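Computation of the quantities below employed the complete heavy-atom set of this structure, encompassing side-chain atoms and omitting hydrogens, waters and symmetry-equivalent molecules. Order of the sequence lines sets the chain letters (A, B, ...), proteins ahead of strands, with each chain counted from 1. Bear in mind the structure is a predicted one, so any value in this text is a computation, not a measurement.
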2 protein chains.
Amino acid sequence: MSLKKEHLKSSNIDWNQFMPGISIDCVIFGYHDKELKVLVLEYKKTGLFALPGGFIKKDETLDDAAKRVLKERTGLSNIYLNQFHTFGSLKRSDHTPMKTVLENNEASFDETHFLLQRFISVSYFALVDFKKVEPVADSLSDTCQWIDINELPSLILDHNDIYQKAHDHLKKSINSEAVGLNLLSKTFTMAELQGLHESILGKELNRTSFHRKIMLSGHLKRIGKKKTGKAHRSPYLYKFIQQ
Amino acid sequence: MSLKKEHLKSSNIDWNQFMPGISIDCVIFGYHDKELKVLVLEYKKTGLFALPGGFIKKDETLDDAAKRVLKERTGLSNIYLNQFHTFGSLKRSDHTPMKTVLENNEASFDETHFLLQRFISVSYFALVDFKKVEPVADSLSDTCQWIDINELPSLILDHNDIYQKAHDHLKKSINSEAVGLNLLSKTFTMAELQGLHESILGKELNRTSFHRKIMLSGHLKRIGKKKTGKAHRSPYLYKFIQQ
DNA sequence: CTATAATTGTTACATAGTGTAACAATAAGT
DNA sequence: ACTTATTGTTACACTATGTAACAATTATAG
């Protein structure tokens, strides 16, 4: 085993640097191929899936902890983050999935292992540019990959509830310019922006009223035309006006 | 000191029953005399003010902990509660106010006292019927009283930020029937409902468009007239339709 | 008993926002 | 030159909301 992989082993983590009982979970949204996607971890050799998460250092703010987790899984800084809910049901006290994970990762562990306590989860959703992200698995996981929101597997504990509430909040904030600004590339066509909105809302939108509403919002600027190579009028390219 | 008061002493609390590092704070809104008010605690002999709060038992959900805190301070069950944000800035690690409080309450204490750790605060706002509430101080406080939102004193730690964010959320949810249903009595006039909305939004509203909008929402039912004793047409009384 | 003042309920009109359809403009293939 | 597909624009209808006008109601003053 290489030094680098050794460094990644969970048994080398100093759990004492973190606040006990509180975790952070992140629903990281990306948009690609006309589909809304979420980053999901698969734990090693267990077939268990989970949202990316982490813990809060004793001298770190909640938001900084979330930024650190996001940076670790995506490689990105300056991510759009929104703290939307804190989960504290007793469902979260079921330690069987984490025991399964530890059995497949640690030489030995006991009931007092840091990961086997009850955690209250402060949850954030993030909006990222799919093309800029290099998903990185954490020390307990094989993979960190984009999953289409319509093909999400069953996740551990209450992570499906967390995803659902994140998606509900994203729907409510659909009219914030943050949605298009952070999920699309710098320039895009009106059809691409409409496709994004349709993926988030899960329903089709009227083309002309969407166009008018977006343009009247005043956040967009036309910056030229895009040759599509297709046999029809070429669409304008737009970008968000940064104030 | 009576047995009853002895029971209320903070030194008799078994702090070990609670999760460490996590607290609950509540912004409890009431409406009276055409003014929006919030319940505020004053710590004994210190001149320090704070929002009502509490901690989470190790086998209790977050929402149940919030309900318990609300019940303790207001005597009410079945309160409208909304978890709106979790606060985790480093501002919360300043232990000077709590030390001042303990110096005036405990015979002795040391740096490891449960109340002298960093707490992440899961915050709720509550809407209650002013007339049904009997405010009760907690073991560290002299008083728990209604303060007009325009006369709020400086509160400890980040409690003013917590109040502000609660108020922002309340403004956003102004069109939810929960606002009138929980802050007013069972029956009320249109002018009373409009006064409540104006207090929450901090601005005057147009009378006729407000009237029309509320009636078109379909949540209200007329149930008779109210004699005001004043020299003008008497207003209808309304109540919310419970589905 | 009548006039006055104050507030409430209703209606009319103007404006803004949105759903819908029609139509012109454009780009590439036949 | 004709066809097809998509985009941008405009026209019309309908709804929601801001504003003003007016009628209805209740108590008080004279």
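Across the interface with DNA chain C, nearest-nucleotide mapping of B:Ala231 and B:Tyr238 shows B:Ala231 to be the residue nearer the 5′ end. When each of A:Lys213 and B:Leu237 is assigned the nucleotide of DNA chain C bearing its nearest heavy atom, the one mapping closer to the 5' terminus is B:Leu237.
No donor-acceptor contact under 3.5 Å links the side chain of B:Arg222 to the base of C:dG9. Put simply, the side chain of B:Arg207 and the base of C:dG9 share a donor and an acceptor less than 3.5 Å apart. Counting atom types as modelled, B:Arg233 pairs no side-chain N or O with a base atom of C:dT7 as donor and acceptor under 3.5 Å.
The CG-P distance, from B:Asn206 to D:dA16, rounds to 17 Å in whole Å. Distance NE2 (B:His232) to P (C:dT7): 6 Å, rounded to an integer number of Å. When rounded to the nearest whole Å, the span between CZ of B:Phe210 and P of D:dT19 equals 16 Å. When the P atom of D:dA16 is taken as reference, atom CE of B:Met215 falls 15 Å away, rounded to whole Å. Atom NZ of B:Lys230 is separated from atom C1' of C:dT7 by 10 Å (rounded to the nearest Å). Between the CD1 atom of A:Ile214 and the C1' atom of D:dG8 there is a distance of 15 Å, rounded to whole Å. As a whole-Å value, the separation of B:Glu204 CD from D:dG18 C1' is 15 Å. To the nearest angstrom, P of C:dT20 lies 11 Å from CG of A:Leu205.
Between A:Met190 and A:Leu220, the closest heavy-atom pair is CE-CD1, 4.3 Å.
With C:dG9, D:dT6, C:dG19 as the choices, the nucleotide that has an atom nearest any side-chain atom of A:Ser209 turns out to be C:dG19. The side chain of A:Ala191 lies closest to D:dT7, out of C:dT8, D:dT4, D:dT7. Distances from the side chain of A:Arg212 to the nucleotides C:dT20, C:dC13, C:dG9 place C:dT20 closest.
A:Phe210 pairs by the ring pair (Phe, Tyr, Trp, His ring centres under 6.0 Å) definition with A:His197, not counting sequence neighbours.
Contacts of A:Thr208 with the nucleic acid, taken as non-hydrogen atoms under 4.0 Å apart, include base atoms.
Here B:His211 reaches the OP1 or OP2 of C:dT10: one of its side-chain N or O atoms lies under 4.0 Å away. Side-chain N/O atoms of B:Tyr236 include none lying less than 4.0 angstrom from OP1 or OP2 on D:dT25. Residue A:Ser234 has a polar side-chain atom (N or O) positioned under 4.0 Å from OP1 or OP2 of C:dA27.
In this structure, A:Lys132 contributes its side chain and A:Ser185 its backbone to no donor-acceptor pair below 3.5 Å. Side chain of A:Thr46 to main chain of A:Leu48: a donor-acceptor pair is present (N/O by atom type, distance under 3.5 Å, no hydrogens or angles).
Of the N and O atoms on the side chains of B:Ser123 and B:Lys165, not one donor lies less than 3.5 Å from an acceptor on the other residue.
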